[in-house]
Novice: 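Could you have a look at this structure, given as structure tokens, before my questions?
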Amino acid sequence: MHKDLESILVGEQELNDIVKTLAADIDRDYGDKDWLMVGVLKGSILFMADLMKAMENDFKIDFVVVSSYGSGTESTGRVNVLKDVSQSVEGMDILIVEDIIDSGNTLHFLVRYFYAKGASSVKIVTLFDKPDRRKVEIPVDYVGKVIPDEFIVGYGLDYDEKYRTLPYVGILKPEVYTE
Ligand code: IMP
Ligand code: MG
């Protein structure tokens with residue numbers, strides 16, 4: 001385990017099981033139609049890669065980069081699109097892939113953003129959900145695991161751009177972000 005972690009919250013085997021379950025659910029619901037999976041960079045990178053590999057059906061992929069956090073652990077509430085999708089989403093069914101939902105600000109913004117660009121449907125899959133922290137109510141279609149109000153890192157999730165490459169998810173020691 002990484003020295004900055006208090007404990008491991010979700011190990012590699014459990015991550016694998018979660019991803020397989022989500023992949024089967026999404027495969028079943030989307031079937032063979034032409035649709036677009038949009039990953040929210042950078043946090044969703046490992047989750048999305050594993051999810052895609054676990055799915056039977058073919059679909060298109062794209063990415064957005066948004067910012068709202070700076071280097072802290074609290075959402076600022078403002079969301080900016082730093083990199084947009086690179087194709088028209090007019091008439092497309094979109095599934096947004098997110099690492100974690102916290103305040104809900106990012107996804108609340110993105111869902112409206114894609115509808116405003118003409119998408120015909122916009123759904124959400126998130127690996128983790130911290131419902132205790134929600135500030136904006138937002139319907140989430142697929143949730144990997146509900147977690148307590150702790151700041152977690154690994155498997156794509158970062159603190160100040162660190163720990164994304166860990167193959168498991170752990171709880172960061174509070175002294176790492178309070179000192
Ligand atoms: P929201 O807009 O407050 O829902 O925040 C969503 C974004 O905040 C996620 O995409 C993450 O990048 C980041 N985030 C929220 N909680 C955590 C956490 O526990 N660890 C790492 N990143 C987090
Ligand atoms: Mg993120």
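Both ligands and their constituent atoms are indexed starting at 1 by order of listing. As a basis for the values below, the full set of heavy atoms in this structure was taken, side chains included, without hydrogen atoms, waters or symmetry mates.
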Novice: Show me which atoms of ligand 1 lie under 4.0 Å from any heavy atom of Lys130.
Specialist: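 Selected atoms, number and element: 16 (N), 17 (C), 18 (C), 19 (O).
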
Novice: For Asn57, is there any backbone N or O sitting under 3.5 Å from a side-chain donor or acceptor partner on Asp27?
Specialist: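 Judged by distance alone, yes, a pair lies under 3.5 Å.
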
Novice: Which of the atoms in ligand 1, numbered in the order shown and given with their element, are less than 4.0 Å from a heavy-atom of Asp99?
Specialist: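 So the answer, numbered in order with elements, is 9 (C), 10 (O), 11 (C), 12 (O).
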
Novice: Can you find an N/O atom of Ile152 closer than 3.5 Å to an N/O atom of ligand 1?
Specialist: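 Among all N and O atoms of Ile152, at least one is under 3.5 Å from an N or O of ligand 1.
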
Novice: Does one side chain, of Asp93 or Ser121, offer a donor that lies under 3.5 Å from an acceptor on the other?
Specialist: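 Per modelled atom types, Asp93 and Ser121 side chains form a pair under 3.5 Å.
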
Novice: Considering the heavy atoms of Glu150, write down every atom of ligand 1 situated less than 4.0 Å from one of them.
Specialist: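 Result: 19 (O).
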
Novice: I need the atoms of ligand 1 closer than 4.0 Å to a non-hydrogen atom of Thr106, numbered in the order shown.
Specialist: 1 (P), 2 (O), 5 (O), 6 (C)

Novice: Report, one line per pair, each donor and acceptor closer than 3.5 Å where one atom sits in a side chain of residues 32-39; sequence neighbours left out.
Specialist:
| unit_1 | atom_1 | unit_2 | atom_2 | d |
| --- | --- | --- | --- | --- |
| Asp34 | OD1 | Lys60 | NZ | 3.3 |
| Asp34 | OD2 | Lys60 | NZ | 3.4 |

Novice: Would you say the side chains of Asp84 and Tyr113 form a donor-acceptor pair under 3.5 Å?
Specialist: yes

Novice: Is the CD1 atom of Ile45 crowded by more than 12 outside heavy atoms at less than 6.0 Å?
Specialist: no

Novice: I need the single residue from Asp29, Thr126, Asp25, Thr21 that forms a side chain to side chain donor-acceptor pair (under 3.5 Å) with Tyr142. Which is it?
Specialist: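 When side chain to side chain donor-acceptor pair (under 3.5 Å) is applied between Tyr142 and each of Asp29, Thr126, Asp25, Thr21, only Asp29 qualifies.
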
Novice: Which of the atoms in ligand 1, numbered in the order shown and given with their element, are less than 4.0 Å from a heavy-atom of Gly104?
Specialist: 1 (P), 3 (O), 4 (O)

Novice: Around Lys20, counting heavy atoms of other residues, nucleotides and ligands shown, do more than 12 lie under 6.0 Å from its NZ?
Specialist: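 No, the 6.0 Å shell around NZ holds no more than 12 heavy atoms from other groups.
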
Novice: Quick check on Ile147 - does any of its heavy atoms sit under 4.0 Å from an atom of ligand 1?
Specialist: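 It does not, in that no heavy atom of Ile147 comes within the 4.0 Å cut-off of ligand 1.
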
Novice: Test of understanding: given a 4.0 Å heavy-atom threshold, classify the contact between Glu98 and ligand 1 as side chain, backbone, both, or neither.
Specialist: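 The answer is the side chain.
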
Novice: Given that the side chain starts at C-beta and the backbone is N, CA, C, O, which of these parts of Val153 lies under 4.0 Å from ligand 1, counting heavy atoms, or is it both or neither?
Specialist: neither

Novice: Judged on heavy-atom distance to atom 6 (C) of ligand 1, which of Asn105, Asp149, Ile100, Leu107 sits nearest?
Specialist: Ile100

